[in-house]
Number of protein chains: 2
Amino acid sequence: MSNIHIFAEKLRSLGLRPTQQRIIIYSLLFDRKDTFHFTIDDLQNILKNTSTKKISLATIYNTIHSLKDKGYLKEISINSEKTYFDTNISKHHHFFDESKRELIDLNDKDVGKIKIKKAVPGKKITSIEVLVKIANNN
Amino acid sequence: MSNIHIFAEKLRSLGLRPTQQRIIIYSLLFDRKDTFHFTIDDLQNILKNTSTKKISLATIYNTIHSLKDKGYLKEISINSEKTYFDTNISKHHHFFDESKRELIDLNDKDVGKIKIKKAVPGKKITSIEVLVKIANNN
DNA sequence: ACGTAATTTATAATGATTCTAAATTAGTGT
DNA sequence: ACACTAATTTAGAATCATTATAAATTACGT
């Protein structure tokens, strides 16, 4: 076996001690095929329903922020209500389904090249993010 | 004179009773050449320093939300920290200066046409927003 | 097994925003 | 001008997401 040891090593390699809590969260986030979009609240609910070990809210925040700081999660702001996180850290964009209130990845090839024809003196571009809002078609 | 009467009529035409507070806020937002980007906190500070009449925080929120609901303000989410509003309600995009933490308009012509090459069945696109983050060039 | 630093935890604190219910004000009719 | 009613404003409480605190627990090298 064991994914657990692989995850533990992964965490260690990030400079994060592989605690039980971190392994549970790490595997929930990354032991899956598709990318995963979630809010802290989503994560808390999933953990409540799937993990026998209780993980405190503070630990959830701490772990997610550590992973984000290490570059393993991307933070996405759609609106002021909630903060979303994305396990897909490659350069890409998003659909936001306003009916279901959920994110869908738009990979880089799904969006034509974006030309910015204006520059601000003394400033350089650090990122370009496109958010495409969608709603039920009726 | 008076802009005040013009603003009062404007508010009335939106179905908003032209109270003293609303006129003060309306003129602060719209009686200017350039578009104005602000947070509620910004607005509160400006009002504290420029208006003799004290306007409560609840009224600031109420008025901004009314104007937004009527389509006279646009809400912009850059990050989870704060909600920004924009007096420019035309279709356009933004730079966000991460050093100064401020928004700069990018008008529609400043951004090349954006092609979305993916569709979601049963959904239609309601908006496309581009956020270009910039930082000091050094 | 032991010691210590890192981590987790419950809980308190914070900050933005919304809610509430009472006081004030705008607009109408007299 | 005066009174009435509904809309609006207000201070303060409530809420919600997030962060901070300080004590208890855990990971791990010795």
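What's counted below: heavy atoms across the whole structure, side chains too, no hydrogens, waters or symmetry copies. Letters A, B, ... are given to chains in the order of the sequence lines, protein chains preceding strands, and every chain is numbered from 1.
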Report the distance from atom [atom1] of [X] to atom [atom2] of [N], rounded to the nearest whole Å.
| X | N | atom1 | atom2 | result |
| --- | --- | --- | --- | --- |
| Lys48(B) | dT10(D) | NZ | P | 14 Å |
| Phe38(A) | dA17(D) | CZ | P | 16 Å |
| Ile64(B) | dA16(C) | CD1 | P | 16 Å |
| Leu57(A) | dC16(D) | CG | C1' | 11 Å |
| Leu14(A) | dA6(C) | CG | C1' | 16 Å |
| Asp41(B) | dT17(C) | CG | P | 9 Å |
| Arg12(A) | dT26(D) | CZ | P | 17 Å |
| Ile60(B) | dT9(D) | CD1 | C1' | 12 Å |

Is any side-chain nitrogen or oxygen of [X] closer than 4.0 Å to OP1 or OP2 of [N]?
| X | N | result |
| --- | --- | --- |
| Thr19(A) | dT8(C) | yes |
| Gln20(B) | dT8(D) | no |
| Arg17(A) | dA5(C) | no |
| Tyr61(B) | dT17(C) | yes |
| His65(B) | dT18(C) | yes |
| Lys54(B) | dA11(D) | yes |
| Thr83(A) | dT18(D) | yes |

Residue mapping more 5' on DNA chain C - nearest nucleotide basis, Arg22(A) or Pro18(B) = Arg22(A)
What are the two closest non-hydrogen atoms of Thr39(A) and Asp42(A), and how far apart are they?
->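 Closest pair (atom of Thr39(A), atom of Asp42(A), distance): N-OD2, 2.9 Å.
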Closest non-hydrogen atom pair, His93(B) against Ile128(B) | CE1-O, 3.3 Å
For atom NZ of Lys117(A), is the number of surrounding heavy atoms from other residues, nucleotides or ligands below 6.0 Å larger than 12?
-> yes
Enclosure of Lys118(A) NZ (heavy-atom neighbours >12, cutoff 6.0 Å) | yes
Dump the intermediate steps for side chain to side chain contact (heavy atoms under 4.5 Å, CB included) on Leu73(B) and Leu29(B), then the final yes or no.
-> CA-CA 10 Å; Leu73(B) 287 174; Leu29(B) 298 182; 4.1 Å; yes
Which part of the nucleic acid, if any, lies within contact of Ile55(A), taking any heavy atom under 4.0 Å across all strands shown: a base, the sugar-phosphate backbone alone, or nothing?
->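 Contact class for Ile55(A): sugar-phosphate only.
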Proximity to the side chain of Ser56(A) - top-ranked nucleotide from dA6(C), dA10(C), dA11(D) = dA10(C)
